[in-house]
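Start at 1 with the first residue, then count along the sequence. Just so it is clear, the structure is predicted and the values come from calculations on it, not from any experiment.
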Amino acid sequence: MAPLGELLAGVRGVLLDISGVLYDSGAGGGTAIAGSVEAVARLKRSRLKVRFCTNESQKSRAELVGQLRRLGFDISEGEVTAPAPAACQILKERGLRPHLLIHDGVRSEFDQIDTSNPNCVVIADAGESFSYQNMNSAFQVLMELENPVLISLGKGRYYKETSGLMLDVGPYMKALEYACGIQAEVVGKPSPEFFKSALQAIGVEAHQAQAILPPLCPLIPQPPRSS
């Protein structure tokens, strides 16, 4: 492998994914991937600007950052770009009132959002809440709307935990798309707007940045994936 300096030549900023790059989630808070704590520390000591990007939608940013800090990472909530806060901004700007099909762990991110008389659906990685009843409720809300809006916090197919591979939000999003004959608006990876917002936060242009995403190991640069 080429030295880190060669890999990041001409780069001013780095976008780091979290799950699968820094740690594998799971029982007991998950486990840090070997070398990732030290790699983050090296990046933050360098001239590079660092932004953490995640599609995590089972935990609030505060909970996620607390978990990562307990694993030894130097990270703050303000350094994380996540889909739930971005979705809340969209909801406010467009006057949308969501029916939430989300995990209880991320519900606090939507505390300031009006959810009465829903005129859209927001879906995230709801975990055990992906029951037939809850999926059908979201389906019914969408079918009753003249102009149905489905917002999905990511569209991943699956992700890795210490116990194995887990279904992500994507398959459930696709089920609602198919049933309702609509296309979801994706907030989070791989949406270009999501990466743009992360770059804007660190004041770096796209051609000056490098994204580090799974499934490869930490500090092997690769471009943002399209799926």
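Of the possible polar contacts, one joining the S57 side chain to the D125 backbone as a donor-acceptor pair under 3.5 Å is found. Of the possible polar contacts, one joining the E177 side chain to the A184 backbone as a donor-acceptor pair under 3.5 Å is found. At least one donor-acceptor pair under 3.5 Å links the side chain of R97 to the backbone N or O of S116. Q208 contributes a side-chain N or O that, together with a main-chain N or O of E205, makes up a donor-acceptor pair within less than 3.5 Å.
We find that R94 and E185 are joined by a salt bridge, their nearest charged nitrogen and carboxylate oxygen being less than 4.0 Å apart.
Separating the OG atom in S46 from the CZ atom in R42 is a distance of 9.0 Å, to the nearest 0.5 Å. Rounding to the nearest 0.5 Å gives a distance of 8.0 Å between OH of Y132 and CZ of F139. Here the CD atom belonging to Q200 is positioned 8.0 Å from the CD atom belonging to E193, to the nearest 0.5 angstrom. Summarising the geometry, atom CZ belonging to R47 is positioned 9.0 Å from atom CZ belonging to R12; distances are rounded to the nearest 0.5 Å. Annotation: the span from D74 atom CG to L43 atom CG amounts to 11.5 Å, rounded to 0.5 Å. The CD atom of Q210 lies 10.0 Å from the CG atom of L16; values are rounded to the nearest 0.5 Å.
Using a 4.5 Å heavy-atom threshold, the side chains of L199 and L15 count as touching. No side-chain heavy atom of E161 sits less than 4.5 Å from a side-chain heavy atom of S19. Between V40 and V50 the shortest side-chain heavy-atom distance does not fall below 4.5 Å. In this structure, the side chains of V186 and M173 come closer than 4.5 Å at one or more pairs of heavy atoms. Residues I151 and P98 are not in side-chain contact: their nearest non-hydrogen atoms beyond the backbone lie 4.5 Å or more apart. Within the 4.5 Å cutoff, the side chain of E109 has heavy atoms near those of the P85 side chain. The shortest side-chain heavy-atom distance between I113 and V122 does not fall under the 4.5 Å cut-off. Contact of the P148 side chain with the M143 side chain is not registered, since no non-hydrogen atoms from C-beta on lie closer than 4.5 Å.
No path of Ile, Leu, Val, Met, Phe, Trp and Tyr side chains, each step under 4.5 Å between heavy atoms, connects V187 with L101, placing them in separate hydrophobic clusters. Both F52 and V37 are assigned to one and the same hydrophobic cluster, defined by single-linkage of ILVMFWY side chains at heavy-atom distances under 4.5 Å. The same ILVMFWY cluster, assembled from side-chain heavy atoms under 4.5 Å apart, contains both I90 and L100. Clustering ILVMFWY residues whenever any of their side-chain heavy atoms sit less than 4.5 angstrom apart, transitively, puts M135 in a cluster other than the one holding V106. In this structure, I123 is not a member of the same hydrophobic cluster as F110, with clusters built from ILVMFWY side-chain heavy atoms closer than 4.5 Å.
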Query - C88/Q112 under side-chain contact (heavy atoms from CB on, under 4.5 Å): CA gap, chis, key distance, verdict - result: CA-CA 9 Å; C88 288; Q112 304 304 312; over 6 Å; no
Query raised in the report: Under the side-chain contact (heavy atoms from CB on, under 4.5 Å) criterion, do R51 and V204 qualify, and how do the steps go?
Result: CA-CA 10 Å; R51 187 77 181 174; V204 171; over 6 Å; no
**Report entry** Residue pair L153, V169: steps toward the side-chain contact (heavy atoms from CB on, under 4.5 Å) verdict
**Finding:** CA-CA 8 Å; L153 306 191; V169 65; 6.0 Å; no
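For residues 83-92, the pairs satisfying side-chain hydrogen bond (donor to acceptor under 3.5 Å, both in side chains) are Q89-E93, with sequence neighbours left out.
Residue M166 comes nearest to S163 through the heavy atom pair SD-OG, 4.3 Å, listed as atom of the first residue, atom of the second, then distance. D24 and T162 make their closest contact through O-CG2, 3.8 Å (heavy atoms, listed as atom of the first residue, atom of the second, distance). Taking both residues in full, the closest heavy atoms of P83 and G188 are given as CB-CA, 4.2 Å, listed atom of the first, atom of the second, then distance. Nearest heavy-atom pair across S60 and S108 is CB-OG, 3.9 Å. L167 approaches Y172 most closely through the heavy-atom pair CD1-OH, 3.7 Å. Smallest separation of non-hydrogen atoms from I102 and A124: CG2-CB, 3.8 Å.
Side-chain atoms of N55 and Y159 include no donor-acceptor pair closer than 3.5 Å.
In K44, the NZ atom is crowded: over 12 heavy atoms of neighbouring residues, nucleotides or ligands sit closer than 6.0 Å.
Checked against V121 for a side chain to side chain contact (heavy atoms under 4.5 Å, CB included), the options L150, L96, V149 give a single hit: L150.
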Can I get a per-line list of side-chain donor-acceptor pairs under 3.5 Å for residues 61-69, giving both atom names and the distance, sequence neighbours left out?
residue, atom, partner, partner atom, Å
Q67, NE2, Y23, OH, 3.3
Q67, NE2, G29, O, 2.8
R69, NH1, I75, O, 2.8

